[in-house]
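Worksheet for the structure shown next.
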Amino acid sequence: MESENTFRMKLKLILGDQLNINHSWFEKVDKSVVFIMMEIRQETDYAQHHIQKIVAFFGAMRNFRETLILKGHQVHYLTLDDLSNHQDLENNLNQVLKDYVATSFAYLEPDEYRLDLQLKNFCDSLSIPYEVEGTEHFMTTRTELTEFFEGKKQYILEFFYRYMRKKFNLLMRLDQPEGGQWNFDKNNRKKWKGTPHIPAPYLPKAKNLLALKQMIELAGVKTIGSFDQDHFLYPLSRKQALNQLDYFCEHLLVHFGDYQDALHTDQLNLFHSRISFALNTKMIHPLEVVETVIDFYRTNKDAIELSQVEGFIRQIIGWREYMRGIYWKEMPNYAMTNALQNTNPLPEFYWTAKTKMNCLHQSIRNSLDFAYAHHIQRLMITGNFALLAQVHPDAVDQWYLGIYADAIEWVQITNTRGMSQWADGGIVATKPYVSSASYIHKMGNYCDSCQYDKKKRLGEDACPFNSLYWNFLDDKKQFFAKNNRMAMMLRLLEKIPPEDLEQLKLRAAKILSNPDDF
Ligand SMILES: Cc1cc2nc3c(=O)[nH]c(=O)nc-3n(C[C@H](O)[C@H](O)[C@H](O)COP(=O)(O)OP(=O)(O)OC[C@H]3O[C@@H](n4cnc5c(N)ncnc54)[C@H](O)[C@@H]3O)c2cc1C
Ligand code: SF4
């Protein structure tokens, strides 16, 4: 680090997902402050991450360092291969505090419980003053959702979403929703059948990332997935993140809502924004994202329908903020929930994509190749199968936490344990997201080129989802006895003659005894 005086400095820590250049910390240059950033094994190894995820994080962090230095700030940056790197947060902090004879320490609120705890404990043992400040990123505080639902039995997303629309005056006409409706979800369920045309995905111009990848490999970090620099999807700077957002507005927003739930063998992105990495690293602010989208809609009203825009902003001001609120309300116990008492291991094919089930093969292949899958692949293909296969939520969490570039625990675990695996017993989702082949076929074309028959329940070529679905309902029915939203499914289960159900359960048992054979 270049500085006139490197002693008696104030040290401020920036974590890898705190790349918010508009934070008030960076407004003015203060020569008595040194910002600390570090690439550490603690973070590369707490889960087995996708290689592209680590490259993306380190690449974005390195760009952020450059931006800070260009603005005149002083930065102490430890690369993974720096010989003075202790590879864990506390030892590195102790070292730099000592080296700079620090007079104070400050950090920004981490979004993950484990880092929050680690930094709190670290500061408890400090002999110099310290401060904790907000990241100025989210649209709600950590406790706002808890306060909003105070005294309520259920935390219904829709109510929270309406509160957010009003609070930020987004798509509102006085106190009423623009278009007379809060939610256009029912419009957003189209299957994509080759039209409308899907533009090629936005590819940020990545600098040479091979050296970074090589450094990670040389360090011996265990990763998953593949890396192809020419198809690297992730913006690594704020400028690229803004370009990605503009690209979304100009090319994808027009059909976002309509095809939000669609699935297709040849289309990884469909009309999705892929903005989650930029958002979760805080290179871009959620309010800035939704305001840009709404502004674009206002100037292009003849071409873009309100339902497309509403569908998008609901994800960000609704689901994203809601999940964060649930995380801080429920942690740390949330990470131990297993309401359905599932115990099976995750099939090996989740790490290899080697399965004959086409929907799973395609969704996992995409994930391994790009560290990305869109929401319905995550929820209704990989998540659905893991739940039907009654996999232990710890194993499911570990997979989702590692494989996606946007996976940070606060948003991963609430989606996985809560929305997808119903491990929280219904805090996030009022009923489990499970389906047989019929939903998968309704929303996409995977079944058309699958060697299993989507309509068959029994027989060697019967789609495994079908027997697993009824088996799951039968195995877990006691957990749903008082759940009104499950009543129809359970009535259908009851109508299956016992001898047929027995056959279905035998087929399911065969699949579950060795899912990697299917
Ligand atoms: C099992 C499972 C695990 C998931 N893990 C993650 C994760 O680790 N990190 C993550 O950011 N999202 C996660 N999601 C939510 C969602 O799938 C991703 O945010 C989305 O697929 C990212 O792609 P996109 O940017 O193209 O999204 P788009 O479809 O374009 O949506 C726009 C934005 O809305 C937000 N959003 C949409 N749905 C959700 C949601 N359910 N929860 C929170 N934010 C949402 C995201 O910020 C997203 O970038 C998970 C969903 C499931 C079912
Ligand atoms: S038939 Fe079954 S396994 Fe094959 S793609 Fe359809 S749902 Fe998936």
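Just so we're clear, the structure is a prediction, and the values are computed from it rather than from any experiment. Remember, it's 1-based here, ligands and their atoms both numbered in the order they're listed.
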Please could you name the atoms of ligand 1 that L279 approaches to less than 4.0 Å, counting only its heavy atoms? 47 (O)
List ligand 2 atoms under 4.0 Å from Y446, heavy atoms only on the residue side. 5 (S)
State whether the side chain of N445 and the backbone N or O of T265 hold a donor-acceptor pair below 3.5 Å, judged by distance alone. yes
Looking at L379, which atoms of ligand 1 are within less than 4.0 Å of one of its heavy atoms? 53 (C)
How about E112 and Y46: do any of their side-chain heavy atoms sit closer than 4.5 Å? yes
Closest protein heavy atom to atom 32 (C) of ligand 1, given as residue, atom name and distance to 0.1 Å: F312 CE1, 3.5 Å
Counting heavy atoms only, which of A405, A407, S276 is nearest atom 46 (C) of ligand 1? S276
Part of Y404 within contact of ligand 1 (heavy atoms, under 4.0 Å): neither
Parallel, tilted or perpendicular, judged at 30° and 60°: which one describes the rings of W328 and Y113? tilted
Checking a contact table here: which protein heavy atom is nearest atom 5 (S) of ligand 2, and how many Å away? C359 N, 3.5 Å
Taking the minimum heavy-atom distance to atom 50 (C) of ligand 1, which of I413, N415, V289 ranks first? N415
Does the distance from a Lys or Arg side-chain N to an Asp or Glu carboxylate O, for K505 and D475, drop under 4.0 Å? yes
The ring pair (Phe, Tyr, Trp, His ring centres under 6.0 Å) partner of F385 among Y469, F349, F472, F518 is F349
Sub-3.5 Å N/O-N/O distance, D406 and ligand 1: yes
May I ask you to identify the nearest protein heavy atom to atom 39 (C) of ligand 1, giving residue, atom name and distance to one decimal place in Å? W319 CB, 3.9 Å
As an exercise, identify every atom of ligand 1 less than 4.0 angstrom from a heavy atom of A373. 21 (O)
Could you tell me whether ligand 1 has any atom less than 4.0 Å away from a heavy atom of P286? no
Heavy atom of the protein closest to atom 29 (O) of ligand 1 (residue, atom name, distance): H272 ND1, 2.7 Å
Side chains of N63 and S237 only: does a donor on one sit below 3.5 Å from an acceptor on the other? no
So the atoms of ligand 2 within less than 4.0 Å of a heavy atom of Y452 turn out to be 1 (S)
The closest protein heavy-atom partner of atom 4 (Fe) of ligand 2 is C450 SG, 2.3 Å
Would you mind running through ligand 1 and noting each atom that sits below 4.0 Å from a heavy atom of S420? 1 (C)
State the atoms of ligand 1, each with its element, that fall below the 4.0 Å cut-off from a heavy-atom position in F256. 28 (P), 29 (O), 30 (O)
State, yes or no, whether a side-chain contact exists between V391 and N342 at a heavy-atom distance under 4.5 Å. no
Shortest protein heavy-atom distance from atom 11 (O) of ligand 1, along with the residue and atom involved: N280 ND2, 2.9 Å
Heavy-atom contact check, 4.0 Å cutoff: does F271 meet ligand 1? no
Do me a favour and list the nearest non-hydrogen protein atom to atom 27 (O) of ligand 1 with residue, atom name and distance? S273 OG, 4.1 Å
Could you label the plane-to-plane angle of the Y202 and Y247 rings as parallel, tilted or perpendicular, counting under 30° as parallel and over 60° as perpendicular? tilted
Is it the case that ligand 1 has an N or O less than 3.5 angstrom from some N or O of H374? no
With a cut-off of 4.0 Å, which atoms of ligand 2 are near a heavy atom of C463? 1 (S), 2 (Fe), 3 (S), 7 (S)
Going by the 4.0 angstrom heavy-atom rule, the piece of N269 near ligand 1 is neither
Is the F277 to F57 ring centre distance short of 6.0 Å? yes
Per-atom contacts of ligand 1 with Q412, taking only distances under 4.0 Å to non-hydrogen atoms: 5 (N), 7 (C), 8 (O)
Among all protein heavy atoms in this structure, tell me which lies nearest to atom 24 (P) of ligand 1, with the distance rounded to 0.1 Å. R274 N, 3.5 Å
Among all the protein's non-hydrogen atoms, which is closest to atom 6 (Fe) of ligand 2, and how far away is it? C447 SG, 2.4 Å
Assert yes or no for the condition that the ring centre distance of F312 to F248 is strictly below 6.0 Å. yes
Looking at the rings of F480 and W422, which for Trp means the six-membered one, are their centres under 6.0 Å apart? yes
Can you label the angle between the Y259 ring and the H255 ring as parallel, tilted or perpendicular, going by 30° and 60°? perpendicular
Least distance between heavy atoms, Q48 atom then T223 atom: NE2-O, 3.2 Å
Could you check atom 33 (C) of ligand 1 against the protein and tell me its nearest heavy-atom contact, residue, atom and distance included? I316 CG1, 3.7 Å
Under 4.0 Å from any heavy atom of M357, which atoms of ligand 2 are there? 3 (S)
For a 4.5 angstrom cut-off between non-hydrogen side-chain atoms, does F232 reach V55? yes
At under 4.0 Å between heavy atoms, what of H375 touches ligand 1? The answer is both
Non-hydrogen atom of Y322 closer than 4.0 Å to ligand 1: no
Of the backbone atoms (N, CA, C, O) and the side-chain heavy atoms from C-beta on, which set of F248 has a member under 4.0 Å from an atom of ligand 1: side chain, backbone, both, or neither? neither
Ligand-side contact atoms (ligand 2) for residue partner A437, heavy atom cut-off under 4.0 Å: 7 (S)
Could R324 and E144 be called an ion pair, given the rule that one side-chain N must be under 4.0 Å from one carboxylate O? no
Is the shortest side-chain N to carboxylate O distance from R114 to E43 below 4.0 Å? yes
Considering non-hydrogen atoms of the protein only, which is the closest contact for atom 13 (C) of ligand 1, and what is the distance? R378 NH1, 3.4 Å
Select the closest option to atom 38 (N) of ligand 1 among Q421, M323, Q315, judged by heavy-atom distance. Q315
Once you measure the plane-to-plane angle for Y404 and Y400, does it fall in the parallel (<30°), tilted (30-60°) or perpendicular (>60°) bin? tilted
Those atoms of ligand 1 less than 4.0 Å from some heavy atom in Y372: 23 (O), 24 (P), 26 (O)
Salt-bridge contact R417-D394 (side-chain N to carboxylate O under 4.0 Å): yes
Just wondering, do H23 and Q18 contact through their side chains at under 4.5 Å, heavy atoms? no
Less than 4.5 Å apart, any side-chain heavy atom of V221 and any of I54? yes
Counting only nitrogen or oxygen atoms and a 3.5 angstrom limit, does I275 reach ligand 1? yes
